Amino acid sequence: MRIAFIGLGNMGAPMARNLIKAGHQLNLFDLNKTVLAELAELGGQISTSPRDAAQQSELVITMLPAAAHVRGVYLSEDGVLAGVRAGTPVVDCSTIDPQTAREVSAAAAKQGVDLADAPVSGGTGGAAAGTLTFMVGASDALFATLQPVLAQMGRNIVHCGEVGTGQIAKICNNLLLGISMIGVSEAMALGNALGIDTKVLAGIINSSTGRCWSSDTYNPWPGIIETAPASRGYTGGFGAELMLKDLGLATEAARQAHQPVIMGALAQQLYQTMSLRGDGGKDFSAIVEGYRKPE
């Protein structure tokens with residue numbers, strides 16, 4: 001299949017690589033010329049604009065940083081909707097607010113284009129390994145069309161409902177993730193301050209009722225999980241600025257729905273503090289550093 005892939009950052013580039021490996025012909029667009037050249041060596045074709053990429057393709061996939069980028073890529077004069085043919089399936093894998101997803105989908109529908117939102121979970125490691133979870137907001141027919149292609153980039157392809165529900169699932173999940181990481185950080189720091197071996201404590205938590213992904217897979221304390229960012233200086237993984245962005249999406253959506261998210265709002269402030277002290281580029285699990293005593 002000829003696929004337009006627009007947005008080749010830390011997540012988009014490995015996703016595109018997996019599609020090329022699966023035998024698809026990719027029309028690529030990104031502002032990063034280096035990554036374009038790397039993917040072109042694998043067989044991808046470089047396009048001059050989102051419009052150029054879309055008008056030559058049977059499917060369009062976008063993976064962009066924020067809602068403003070999604071609007072620009074889809075709605076500008078050189079955007080996807082200026083070039084895509086009626087009837088071409090389109091899926092946006094960015095993490096944005098549900099309202100933007102619905103508005104862009106509505107604009108696409110006016111041109112006979114069915115658009116899905118399908119944000120992902122699994123991080124850069126999952127993108128590279130092809131084990132992402134896709135949370136898809138789409139009609140039944142569009143989901144059936146997209147599922148085989150998404151399965152070549154991910155392990156779990158979940159139909160959440162109509163357009164926008166993929167974003168709802170993503171921001172609710174990351175709201176909980178941000179909160180749980182803070183909870184694990186507090187528990188690990190308290191245990192350390194009180195004198196228990198942190199590996200012993202982690203083992204107890206991970207075989208008891210406190211167990212969660214933030215403790216057993218991504219523990220924020222250095223040396224507990226060898227593959228976690230905490231064991232490599234909080235590099236790689238999911239940046240704190242991205243977590244702050246997602247918590248902002250969740251708290252803004254909650255404001256619009258008049259739904260209290262008390263723990264979520266506190267988590268947002270803690271990650272904002274982390275960002276202000278210059279640590280926004282670290283993995284989000286570095287939130288634990290705010291609880292550790294200076295050595």
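Not measured: the values here are computed from a predicted model. Values below: all heavy atoms of this structure, side chains included; hydrogens, waters and symmetry mates excluded.
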Derivation and outcome, side chain to side chain contact (heavy atoms under 4.5 Å, CB included), residues Asn219 and Val184
CA-CA 8 Å; Asn219 197 290; Val184 173; 4.2 Å; yes

If we ignore hydrogens and angles and just use 3.5 Å, is the side chain of Gln152 paired with the main-chain N or O of Leu19 as donor and acceptor?
no

Give a yes or no on whether Asn10 atom CG has more than 12 heavy-atom contacts from other residues, nucleotides or ligands under 6.0 Å away.
no

Are any non-hydrogen side-chain atoms of His159 and Asp140 less than 4.5 angstrom apart?
yes

Kindly indicate, with the supporting measurements, whether the criterion side chain to side chain contact (heavy atoms under 4.5 Å, CB included) is fulfilled by Gln268 and Leu244.
CA-CA 6 Å; Gln268 182 185 19; Leu244 180 59; 4.0 Å; yes

Mind running salt bridge (charged side-chain N to carboxylate O under 4.0 Å, His left out) on Asp197 and Lys199 for me, showing each step along the way?
CA-CA 6 Å; Asp197 184 298; Lys199 289 188 176 180; over 6 Å; no

If you measure from CZ on Phe5 to CZ on Arg17, what distance do you get to the nearest 0.5 Å?
10.5 Å

If you take all heavy atoms of Leu81 and Gln111, which pair is closest and at what distance?
O-NE2, 2.5 Å

Side-chain heavy atoms of Lys170 within contact of Asp246, under 4.5 Å
yes

With a sphere of 6.0 Å drawn around CG of Leu31, does it hold more than 12 non-hydrogen atoms of other residues, nucleotides or ligands?
no

Determine, for Arg292 against Glu289, whether the closest basic-nitrogen to carboxylate-oxygen distance falls under 4.0 angstrom.
no

Do Leu249 and Leu176 belong together in a cluster built from hydrophobic side chains that touch within less than 4.5 Å?
no

Under 3.5 Å donor-acceptor, Asp117 side chain and Gln167 backbone:
yes

Grab the two heavy atoms, one from Val288 and one from Ser185, that are nearest each other, plus how far apart they are.
CB-OG, 3.4 Å

Within the supplied structure, the quantity of interest is the number of heavy atoms (other residues, nucleotides, ligands) at a distance under 6.0 Å from Arg85 CZ; does it exceed 12?
yes

Determine whether a donor-acceptor pair (N or O, by modelled atom type, separation under 3.5 Å) exists between the side chain of Thr95 and the backbone of Pro119.
no

Counting distance only, does the side-chain N/O of Asp283 pair as donor-acceptor with the main-chain N or O of Phe238 below 3.5 Å?
yes

If you take all heavy atoms of Ala82 and Arg51, which pair is closest and at what distance?
O-NE, 3.5 Å

To the nearest 0.5 Å, tell me how far Lys33 NZ sits from Leu8 CG.
11.0 Å

Is any side-chain heavy atom of Val136 closer than 4.5 Å to a side-chain heavy atom of Gln147?
no

Roughly how far, to the nearest 0.5 Å, is the CE atom of Met181 from the CG atom of Asn174?
11.0 Å

Ignoring hydrogens and geometry, is there a side-chain-to-backbone donor-acceptor pair from Asn206 to Ala202 under 3.5 Å?
yes

Is there a side chain to side chain contact (heavy atoms under 4.5 Å, CB included) between Cys160 and Ile168? Walk through the geometry before answering.
CA-CA 9 Å; Cys160 299; Ile168 294 169; over 6 Å; no

Measure the shortest side-chain to side-chain distance between Pro220 and Ile287 over non-hydrogen atoms and say whether it is less than 4.5 angstrom.
no

Separation between SG of Cys93 and CG of Leu150, rounded to the nearest 0.5 Å:
6.0 Å

In terms of hydrophobic clustering (I, L, V, M, F, W, Y; side-chain heavy atoms under 4.5 Å; direct or indirect links), are Trp213 and Ile204 co-clustered?
no

To check you understand the geometry: which heavy-atom pair defines the closest contact between Gly164 and Ala101, and what is its length?
CA-CB, 4.4 Å

Give, for atom OG1 of Thr124 and atom CG of Leu132, the distance between the pair rounded to the nearest 0.5 Å.
9.5 Å

Hydrophobic cluster membership, with links at side-chain heavy-atom distances under 4.5 Å among I/L/V/M/F/W/Y: are Met153 and Leu59 in one?
yes

Tell me whether the rings of Tyr218 and Phe284 are parallel (<30°), tilted (30 to 60°) or perpendicular (>60°).
parallel

Does CD belonging to Gln256 count more than 12 external heavy atoms closer than 6.0 Å?
yes

Side chain to side chain contact (heavy atoms under 4.5 Å, CB included) partners for Ala230, two or more places apart
Tyr234

Nearest heavy atoms of Val91 and Ala118, plus distance in Å
CG2-CB, 3.5 Å

Would you say Leu194 has more than 12 foreign heavy atoms packed within less than 6.0 Å of its CG?
yes

Using a 3.5 Å distance criterion without hydrogens, assess whether the side chain of Ser215 forms a donor-acceptor pair with backbone atoms of Arg211.
no

Over all heavy atoms of both residues, which pair between Cys212 and Ser180 is shortest? Give the atoms and the distance, please.
SG-CB, 4.4 Å

Non-hydrogen side-chain atoms of Asn173 and Ser121 separated by less than 4.5 Å
yes

How far does CG of Leu247 sit from CG of Leu242, to the nearest 0.5 angstrom?
11.0 Å

Has the side chain of Lys245 got a donor or acceptor atom that lies under 3.5 Å from a matching backbone atom of Pro65?
yes

Strictly distance-based, threshold 3.5 Å: is any side-chain N or O of Gln56 a donor or acceptor partner for the main-chain N or O of Asp52?
yes

Using the rule that Ile, Leu, Val, Met, Phe, Trp and Tyr join whenever any side-chain heavy atoms are under 4.5 Å apart, tell me whether Phe29 and Val90 fall into a single cluster.
yes

Does any N or O in the side chain of Ser275 come within less than 3.5 Å of the main-chain N or O of Tyr271, such that one atom is a donor and the other an acceptor?
no

With a 4.5 Å cut-off on side-chain heavy atoms, are Asp92 and Val104 touching?
no

Contact check, side chains of Val120 and Met11, non-hydrogen atoms, under 4.5 Å:
yes

Does one hydrophobic cluster hold both Leu175 and Met135, with members joined at side-chain heavy-atom distances below 4.5 Å?
no

How about Ile182 and Tyr291: do any of their side-chain heavy atoms sit closer than 4.5 Å?
yes

Counting distance only, does the side-chain N/O of Arg232 pair as donor-acceptor with the main-chain N or O of Thr227 below 3.5 Å?
yes

Looking at Thr62, Ile6, Leu64, which hits side chain to side chain contact (heavy atoms under 4.5 Å, CB included) with His69?
Leu64

